[in-house]
Amino acid sequence: MSPNQKKIVYFFVFITLQHILCIDSNFYIIGLSDADQKKFSQTIESGTFSCDDNSITLPITQINDDYCDCIDGSDEPGTSACGQSTFYCQNRGNRPTRISSSHVNDGVCDC
């Protein structure tokens with residue numbers, strides 16, 4: 001693989017990882033309350049994530065990858081992959097609320 005091809009691959013890996021995690025430059029993950037952000041910030045620093053029920057530990061790339069790895073659904077706060085999970089809507093300027101994760105990305109504005 002040529003050096004230019006490697007640069008392109010690294011670029012797409014970075015963009016994909018940023019998309020999967022749904023994070024911005026402050027490591028904000030969508031679907032989480034401010035209180036829950038701390039756990040995910042530690043996850044980003046360590047590169048691994050432990051399910052809330054401690055059943056398994058996952059690589060960071062499996063957070064918000066649209067596949068429910070954790071039985072408790074804690075690895076998918078920003079997707080609809082885990083039916084029993086909830087999505088936190090910040091609703092800045094209004095009251096925050098939680099919706100069923102089944103309503104995430106369904107084409108209807110719930111937040």
So, D72 versus Q84: side-chain donor-acceptor pair below 3.5 Å or not? no
I'd like to know if the side chain of [X] reaches the main chain of [Y], judged simply by a donor and an acceptor atom lying under 3.5 Å from each other, with no hydrogens or angles considered.
{"X": "S85", "Y": "G73", "value": "yes"}
{"X": "E76", "Y": "A81", "value": "no"}
{"X": "D75", "Y": "I63", "value": "no"}

Contact list for residues 99-111, test side chain to side chain donor-acceptor pair (under 3.5 Å), sequence neighbours left out: S100-S102
On a heavy-atom basis, which atom in [X] and which in [Y] lie closest, and how many Å separate them?
{"X": "F87", "Y": "G31", "value": "CE1-CA, 3.3 Å"}
{"X": "I71", "Y": "D53", "value": "CB-OD2, 4.0 Å"}
{"X": "S50", "Y": "T57", "value": "OG-OG1, 3.2 Å"}

For the Cys pair C111 and C89, is the SG-SG distance shorter than 2.5 Å? yes
About how many Å separate CD1 of I60 and OG1 of T48, when rounded to the nearest 0.5 Å? 8.5 Å
Got a second to check how far Y88's OH is from I99's CD1, nearest 0.5 Å? 12.5 Å
Partners passing salt bridge (charged side-chain N to carboxylate O under 4.0 Å, His left out) against D36 (at least two apart in sequence or in another chain): R98
Does the side chain of L58 reach to within under 4.5 Å of the side chain of C70, using non-hydrogen atoms? yes
Crowded around I56 CD1? As in, over 12 foreign heavy atoms under 6.0 Å? yes
Check ring-ring contact (aromatic ring centres under 6.0 Å, His included) between F49 and all other residues, then give those that pass, not counting sequence neighbours. F40
